[in-house]
J.: 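This structure is in structure tokens; I'll ask about it shortly.
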Amino acid sequence: MGSSGASVEAVFFGTTTVYLSDGASGILIDGFLSRPSLLRVAPDLGRITRALSRAGVTLLDALFVSHSHYDHAMDAPEVVKHLGGRLFGSESTLNMGRGAGLAEESMTCIADGDEHRIGAFTVRVLAGVHSPDNRFPGTIEEPLVPPVRASSYRDGGCLSFLINHPGGSLLIHPSANFVPGKFDGLDVDVLYLAIGALGVQPQRFQSDYWRHVVEATRPGLIVPIHWDNFFVSLDRRLRPLPAIFDRFAVTKAFLDRKSEETRIPVRFPEPFEVIRPFAR
């Protein structure tokens, strides 16, 4: 493939795990394919390899982790071990890599403002904050070897990723919170927008979130992420988080109203569906 916008393909794996490729380079944002119950939190190599195979993912140059909670990062080291490439993340994420036996030379610690060139892609790191009511704050201070409790996966700091390509630009924003002014002027073609637990936040928060993330970046398309029940296997249809965690219908109504007001289309992807985010 060349480097035109039509050549860039994106595959969604549920939660915040998104694969991007232009045929010459492959990037994965986050790595959560096992989707275990909370009883035993550990990567499932069978589920990981089946999901990657089903999506036809054989090329991986870089895996960027937004934060080190298990539903974002748990499988990332195993994906790198399986496909190759380099693991990019916080020191907490690197401690997950160390626990999985990744070599130091295959990992890079990243921080706010860093830029990394991956083939024709440029990935810019933007620090942020976790969505409200962060259950497992803090850092992972030493190599983490699963199986462990879900609470062992401390967030280690939250990151978003601005990804530029000759074909277009997209922002992957994996946690439903905002830093005022952080994204001002970033104009992107596509916004992958986390909406997890947005439905249980006050209306004022929802409006501020839209203003500081969506209005600031002026996307041509919104792709909601982190809305699905991540205790359900990818072998089954995606469904929203249970009411104990979120009120998906409230968020959906909010997005529908805002989409109609602003004429920004909202597209919920199916898992394993290949979309061309920059195709006109």
Side-chain angles (χ1 to χ4, degrees), residues 11-19 27-55 57 60 62-102 106-110 130-131 134-161 172 174-175 192 194 196-197 225-236 238 241 245 271-272:
V11 180
F12 176 59
F13 290 94
T15 57
T16 58
T17 300
V18 179
Y19 177 73
I27 296 172
L28 191 67
I29 303 298
D30 285 345
F32 187 62
L33 305 170
S34 297
R35 298 164 72 98
S37 72
L38 283 175
L39 298 177
R40 180 180 182 275
V41 178
D44 183 321
L45 297 182
R47 286 188 175 186
I48 292 169
T49 55
R50 282 198 303 275
L52 294 171
S53 177
R54 181 174 169 185
V57 175
L60 184 65
L63 196 162
F64 287 87
V65 171
S66 63
H67 63 274
S68 298
H69 283 163
Y70 84 105
D71 57 319
H72 293 255
M74 183 182 73
D75 297 330
E78 296 300 332
V79 173
V80 171
K81 286 163 69 174
H82 179 64
L83 292 178
R86 175 173 288 273
L87 180 66
F88 293 83
S90 67
E91 193 63 27
S92 291
T93 294
L94 268 55
N95 269 326
M96 293 174 56
R98 293 176 184 118
L102 284 182
S106 66
M107 301 188 294
T108 297
C109 192
I110 56 177
H130 195 275
S131 55
N134 183 356
R135 284 179 169 80
F136 308 131
T139 55
I140 300 171
E141 299 289 347
E142 55 190 31
L144 186 67
V145 182
V148 293
R149 294 176 179 270
S151 58
S152 297
Y153 290 92
R154 304 286 174 176
D155 72 66
C158 289
L159 306 170
S160 297
F161 302 107
I172 298 185
S175 199
Y192 279 77
I225 55 175
H226 214 341
W227 57 270
D228 55 298
N229 182 353
F230 48 81
F231 304 117
V232 176
S233 164
L234 283 173
D235 295 331
R236 299 164 66 186
L238 291 189
L241 278 166
F245 297 115
F272 305 109

J.: Would you check if Leu33 and Leu52 make a side-chain contact, meaning some heavy-atom pair closer than 4.5 Å?
T.: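 A side-chain contact exists here, since the closest heavy-atom pair is under 4.5 Å.
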J.: If we only count heavy atoms from C-beta on, is the Ser106 to Leu87 side-chain gap below 4.5 Å?
T.: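 No; the side chains remain at least 4.5 Å from each other.
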J.: Counting distance only, does the side-chain N/O of Ser90 pair as donor-acceptor with the main-chain N or O of Thr93 below 3.5 Å?
T.: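 Here the side-chain-to-backbone pair exists.
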J.: Would you check if the side chain of Ser175 reaches a backbone N or O of His130 as a donor-acceptor pair within less than 3.5 Å?
T.: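 Absent.
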J.: Compare every heavy atom of Leu234 with every heavy atom of Ala51, then report the nearest pair and how far apart it is.
T.: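 For Ala51 versus Leu234, the nearest heavy atoms are CB-CD1, 4.3 Å.
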J.: Does the side chain of Val65 reach to within under 4.5 Å of the side chain of Phe88, using non-hydrogen atoms?
T.: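 A side-chain contact under 4.5 Å is absent here.
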J.: Can you classify the ring geometry of Phe245 versus Phe231 as parallel (below 30°), tilted (30 to 60°) or perpendicular (above 60°)?
T.: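 Rings of Phe245 and Phe231: tilted, as their planes differ by 30° to 60°.
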J.: Going by distance alone, is a donor N or O of one side chain under 3.5 Å from an acceptor N or O of the other, for His226 and Thr16?
T.: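 No pair is found: no donor N or O on one side chain lies under 3.5 Å from an acceptor on the other.
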J.: State the CZ-CD1 distance between Arg86 and Ile27, to the nearest 0.5 angstrom.
T.: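 Spacing of CZ (Arg86) from CD1 (Ile27) equals 13.5 Å.
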J.: Taking the side chain as every heavy atom from C-beta outward, state whether Val80 and Leu102 have any pair of such atoms under 4.5 Å apart.
T.: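 They are in contact (side-chain heavy atoms under 4.5 Å apart), so the answer is yes.
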J.: Mind checking the CD1-NZ spacing from Ile48 to Lys81? Nearest 0.5 Å is all I need.
T.: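 Reported value, rounded in 0.5 Å steps: 9.5 Å.
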J.: Measure across Pro174 and Ser160 and return the closest heavy-atom pair with its distance rounded to 0.1 Å.
T.: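 For Pro174 and Ser160, the tightest heavy-atom pair comes out as CD-OG, 3.7 Å.
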J.: Working note: Met107 + Arg98, criterion side-chain contact (heavy atoms from CB on, under 4.5 Å); need CA distance, chi angles, decisive distance, verdict.
T.: CA-CA 9 Å; Met107 301 188 294; Arg98 293 176 184 118; 3.7 Å; yes
J.: Among side-chain atoms of Ser66 and Asp30, is any donor-acceptor pair under 3.5 angstrom?
T.: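 Yes, because at least one side-chain N or O of Ser66 sits under 3.5 Å from a partner of the opposite role on Asp30.
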J.: May I ask you to test the Asn95-Leu144 pair for a side-chain heavy-atom distance under 4.5 Å?
T.: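 Of all side-chain heavy-atom pairs linking Leu144 with Asn95, none is under 4.5 Å.
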J.: Would you mind reporting whether Phe161 and Ile29 have side-chain heavy atoms less than 4.5 Å apart?
T.: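 Sidechains of Phe161 and Ile29: in contact.
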J.: Give, for atom OH of Tyr70 and atom OG1 of Thr15, the distance between the pair rounded to the nearest 0.5 Å.
T.: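 Result: 10.0 Å between the selected atoms.
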J.: Does the side-chain contact (heavy atoms from CB on, under 4.5 Å) test come out yes or no for His69 and Asn134, once each step is laid out?
T.: CA-CA 10 Å; His69 283 163; Asn134 183 356; 3.0 Å; yes
J.: Side-chain contact, heavy-atom cut-off 4.5 Å: Tyr153 with Val148?
T.: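 Heavy-atom side-chain distance check passes, below 4.5 Å.
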J.: Are side-chain heavy atoms of Ser68 and Met96 found at a separation under 4.5 Å?
T.: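 A side-chain contact exists here, since the closest heavy-atom pair is under 4.5 Å.
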J.: For the atom pair OH (Tyr19) and CG (Leu63), what is the distance rounded to the nearest 0.5 Å?
T.: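 Those atoms lie 10.5 Å apart.
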J.: Between the side chains of Glu78 and Arg47, is the shortest nitrogen-to-carboxylate-oxygen separation below 4.0 Å, so that they form an ion pair?
T.: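 The answer is no: the pair does not qualify as a salt bridge.
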J.: Please step through side-chain contact (heavy atoms from CB on, under 4.5 Å) for the pair Met74 and Val41, ending with a clear verdict.
T.: CA-CA 8 Å; Met74 183 182 73; Val41 178; 3.5 Å; yes
J.: Before you tell me yes or no, could you show the steps for Leu241 and Trp227 under side-chain contact (heavy atoms from CB on, under 4.5 Å), namely the whole-Å CA-CA distance, both residues' side-chain angles and the distance that decides it to 0.1 Å?
T.: CA-CA 6 Å; Leu241 278 166; Trp227 57 270; over 6 Å; no
J.: Side chains of Thr139 and Ser92 only: does a donor on one sit below 3.5 Å from an acceptor on the other?
T.: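 No - no donor-acceptor pair under 3.5 Å links their side chains.
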J.: Atom OG of Ser53 and atom CZ of Phe272: how far apart are they, to the nearest 0.5 Å?
T.: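 Answer for the OG-CZ pair, Ser53 versus Phe272, is 9.5 Å.
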J.: For the pair Arg154 (side chain) and Pro137 (backbone), establish whether a donor and an acceptor sit closer than 3.5 Å, ignoring hydrogens and angles.
T.: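 Flag set: sc Arg154 to bb Pro137 pair under 3.5 Å.
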J.: What is the minimum heavy-atom distance between Gly14 and Phe12, and which atoms define it?
T.: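 Looks like CA-CZ, 3.3 Å.
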J.: Report the distance from atom CG of Asp228 to atom CG of Leu238, rounding to the nearest 0.5 Å.
T.: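 Nearest 0.5 Å value for the CG-CG distance: 5.0 Å.
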J.: How about His72 and Asp155: does a side-chain donor come under 3.5 Å of a side-chain acceptor?
T.: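 No, Asp155 and His72 have no side-chain donor paired with an acceptor closer than 3.5 Å.
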J.: Is a side-chain donor or acceptor of Asp44 paired with a backbone partner of Gly46 at a separation under 3.5 angstrom?
T.: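 Judged by distance alone, yes, a pair lies under 3.5 Å.
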J.: Taking NZ, NE, NH1 and NH2 as the nitrogens, is one of them in Asp235 or Arg35 under 4.0 Å from a carboxylate oxygen of the other?
T.: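 Salt bridge: no.
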J.: Hey, do the aromatic rings of Phe13 and Phe32 have their centres closer than 6.0 Å?
T.: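 They do not qualify: ring centres at least 6.0 Å apart.
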